[in-house]
Amino acid sequence: AGAVACAWGARAVEVSTVPEGKVCALSFTYDDGPVTHYTHAFPLHKKYGFPGTFLIITSRVEDDADANRPHKNVSWRELKEMSDAGMEIASHTKSHKNMREIESAGLTPEMTKGKKRAELFALREPNWPTLLAEVMDAKKALEDCTGKPVRTTAFAGNACPDWSARLCAEAKTCIRVGNIRLATGRGDSAERYAKVLDEKIVKTNQVSCVMIHGLGTQTAGDGWNPPASVAVIESLFKLVAERRDKIHLGTYADNNAYESFARNVKLKKDAKTGETRLVYVGKGTPSSDAVWLRVAPGETVSVNGKAVRPNASGGLLARVGDEIASSQVKTL
């Protein structure tokens with residue numbers, strides 16, 4: 001197969017939680033839906049060929065017939081255009097209210113003191129319909145607009161309620177939380193972005209995301225906590241583009257779905273035949289059976305008896321059920 005670049009260093013073949021076998025995966029996510037995300041961020045994504053995830057507060061989306069734009073936000077027509085161009089249009093709930101406060105509305109410390117978890121959920125149950133409506137109403141509005149399923153939800157202030165899992169099971173979405181390794185804002189610079197990319201994103205060998213609000217356009221409705229200028233934001237795009245050999249760019253939903261799937265694919269050796277195959281050990285049936293392997297330099301690999309050459313990142317695409325043979329294969 002020949003030697004390939006392998007930043008993670010192992011001498012083996014193993015399932016990669018990052019597509020293409022790259023070192024890490026990254027998604028650009030945008031909160032709240034100000035119009036500058038359409039007028040300035042969207043063009044940057046088209047220029048650099050990066051997908052993006054735009055988290056929308058649906059009660060603030062502008063009516064296409066209203067030229068005054070009272071909220072200074074994106075319109076339904078603009079969201080459809082972005083979706084058609086390959087951007088992920090995702091949910092930031094209907095009203096952007098604090099979901100933890102909705103979940104516990106009407107409850108006092110005296111009412112909840114000393115209560116066990118099951119008792120707390122029972123007390124909160126009357127608030128469940130309001131909580132669910134924040135997610136489901138936003139999901140329906142966005143799906144009616146784009147004609148595509150909403151696959152990602154983010155909560156105001158990233159304040160996840162205790163009912164997060166139940167909400168996302170109902171809405172069939174993932175949550176943008178926990179892997180935000182870069183949040184843009186005031187005082188940003190290309191130097192800071194380079195340091196975070198190299199030390200907190202590339203080195204993690206994981207799926208990460210950038211959280212962006214304002215863009216620095218110096219206009220009304222630009223968004224919360226903007227950097228000094230759009231040029232600062234574009235410097236981040238340039239830095240990521242320079243690292244494309246290491247970073248896989250995807251929407252938040254695509255990166256999350258692949259990582260969740262890949263973590264449940266294992267290389268298992270059959271005790272009787274001695275064959276090593278890719279096996280899915282998760283629950284349910286995944287939407288795809290394709291999985292990337294990372295191949296260390298110098299490894300000779302065959303898939304179903306045929307020698308396969310890894311890509312420049314040391315990645316090799318295979319499928320669940322395939323027989324994988326190599327001099328050093330990590331198995332269960």
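All values reported here derive from a predicted model rather than from experimental measurement. Residues take their numbers from the sequence shown, with the count starting at 1.
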Is the side chain of Asn225 donor-acceptor paired with the backbone N or O of Gly214 at a distance under 3.5 Å, no angle test?
no
Closest non-hydrogen contact found for Phe155 with Ser164 is CE1-OG, 3.7 Å
Contact check, side chains of Pro161 and Ile102, non-hydrogen atoms, under 4.5 Å:
no
Closest non-hydrogen atoms of Arg277 and Gly321, given as atom of the first, atom of the second and distance, are NH1-O, 2.8 Å
Do any N or O atoms from the side chain of Glu103 and from the backbone of Arg124 form a donor-acceptor pair under 3.5 angstrom?
no
Please answer whether the main-chain N or O of Ser260 pairs with a side-chain N or O of Asn264 as donor and acceptor at a distance below 3.5 Å.
yes
Find the distance between CD1 (Ile201) and CD (Glu199) and round it off to the nearest 0.5 Å.
11.0 Å
For Pro34, does its backbone N or O pair with a side-chain atom of Asp32 as donor and acceptor, under 3.5 Å?
no
Please lay out, stage by stage, how Ser95 and Glu134 fare under the test side-chain hydrogen bond (donor to acceptor under 3.5 Å, both in side chains).
CA-CA 7 Å; Ser95 70; Glu134 280 289 322; 2.7 Å; yes
Shortest non-hydrogen contact between Ala318 and Leu278, atoms and distance
CB-CD1, 3.7 Å
Does atom NZ of Lys195 have more than 12 heavy-atom neighbours from other groups under 6.0 Å away?
no
Would you call Trp292 and Asn311 a side-chain contact if the rule is heavy atoms closer than 4.5 Å?
yes
For the residue pair Glu299 and Ser326, confirm or rule out a side-chain donor-acceptor distance under 3.5 Å.
yes
How many angstroms lie between atom CE of Met211 and atom CG of Asn179, to the nearest 0.5 angstrom?
11.0 Å
Enter the distance from Ile247:CD1 to Ser313:OG here, rounded to the nearest 0.5 Å.
11.0 Å
Using the side chain to side chain contact (heavy atoms under 4.5 Å, CB included) rule, take Val230 and Thr217 through it: C-alpha gap first, then chi angles, then the decisive distance, then the call.
CA-CA 6 Å; Val230 178; Thr217 64; 3.6 Å; yes
Heavy-atom nearest pair, Trp76 first then Thr58, reads CZ2-O, 3.9 Å
Does Leu79 reach the side chain of Tyr38, with side-chain heavy atoms less than 4.5 Å apart?
no
Ignoring hydrogens and angles, tell me if any N or O in the side chain of Asp222 forms a donor-acceptor pair with the backbone of Gly216 under 3.5 Å.
yes
Nearest-0.5 Å distance that lies between atom CG in Asn127 and atom CE in Met99:
11.0 Å
Check: His71 main-chain N/O paired with Glu62 side-chain donor or acceptor under 3.5 Å:
yes
Least distance between heavy atoms, Ser75 atom then Val61 atom:
C-CG1, 3.7 Å
Would you compute the distance between atom CH2 of Trp163 and atom CD of Glu125 and round it to the nearest 0.5 angstrom?
4.5 Å
Residues Val240, Leu197; criterion side chain to side chain contact (heavy atoms under 4.5 Å, CB included); working and verdict:
CA-CA 8 Å; Val240 171; Leu197 281 171; 4.0 Å; yes
State whether the side chain of Ser235 and the backbone N or O of Val232 hold a donor-acceptor pair below 3.5 Å, judged by distance alone.
yes
Any chance you could lay out the side chain to side chain contact (heavy atoms under 4.5 Å, CB included) test for Thr251 and Phe54, step after step, and finish with the verdict?
CA-CA 9 Å; Thr251 64; Phe54 293 82; over 6 Å; no
Just say parallel, tilted or perpendicular for the rings of Tyr48 and Phe237, cut-offs at 30° and 60°.
tilted
Using the ring of each side chain (for Trp, its six-membered ring), is Tyr30 parallel, tilted or perpendicular to Phe28, with breaks at 30° and 60°?
parallel
Are Leu239 and Val23 joined in one hydrophobic group, where the rule is that I, L, V, M, F, W and Y side chains link up if heavy atoms are under 4.5 Å apart?
yes
Under 3.5 Å, side chain of Lys22 to main-chain N/O of Val18, donor-acceptor pair present?
no
What's the verdict on side chain to side chain contact (heavy atoms under 4.5 Å, CB included) for Arg263 and Val15, showing C-alpha distance, side-chain angles and the deciding distance?
CA-CA 8 Å; Arg263 288 193 183 283; Val15 175; over 6 Å; no
The side-chain contact (heavy atoms from CB on, under 4.5 Å) partner of Val150 among Met136, Glu88, Lys140, Glu143 is Glu143
Would you say the side chain of Leu215 lies within less than 4.5 Å of the side chain of Pro226, judging by non-hydrogen atoms?
no
Determine the minimum heavy-atom distance between Cys174 and Asn256, stating which atoms define it.
CB-OD1, 3.4 Å
hydrophobic_cluster_shared for Leu293 and Val301, side chain cutoff 4.5 Å:
yes
Would a distance-only check, ignoring hydrogens and angles, find a side-chain to backbone donor-acceptor pair under 3.5 Å from Asp64 to Arg77?
yes
Around Lys200, counting heavy atoms of other residues, nucleotides and ligands shown, do more than 12 lie under 6.0 Å from its NZ?
no
Rounded distance [0.5 Å steps], OG1 in Thr153 versus CG in Leu167:
8.5 Å
If you count the non-hydrogen atoms of other residues, nucleotides and ligands that lie under 6.0 Å from NZ in Lys46, is the total more than 12?
yes
Any side-chain to backbone donor/acceptor pair from Lys266 onto Val281? Under 3.5 Å, distance only.
no
Can Val207 be reached from Leu236 by stepping across I, L, V, M, F, W or Y side chains whose heavy atoms are under 4.5 Å apart?
no
Do you know which of Asp31, Thr53, Thr152 makes side-chain hydrogen bond (donor to acceptor under 3.5 Å, both in side chains) with Arg176?
Asp31
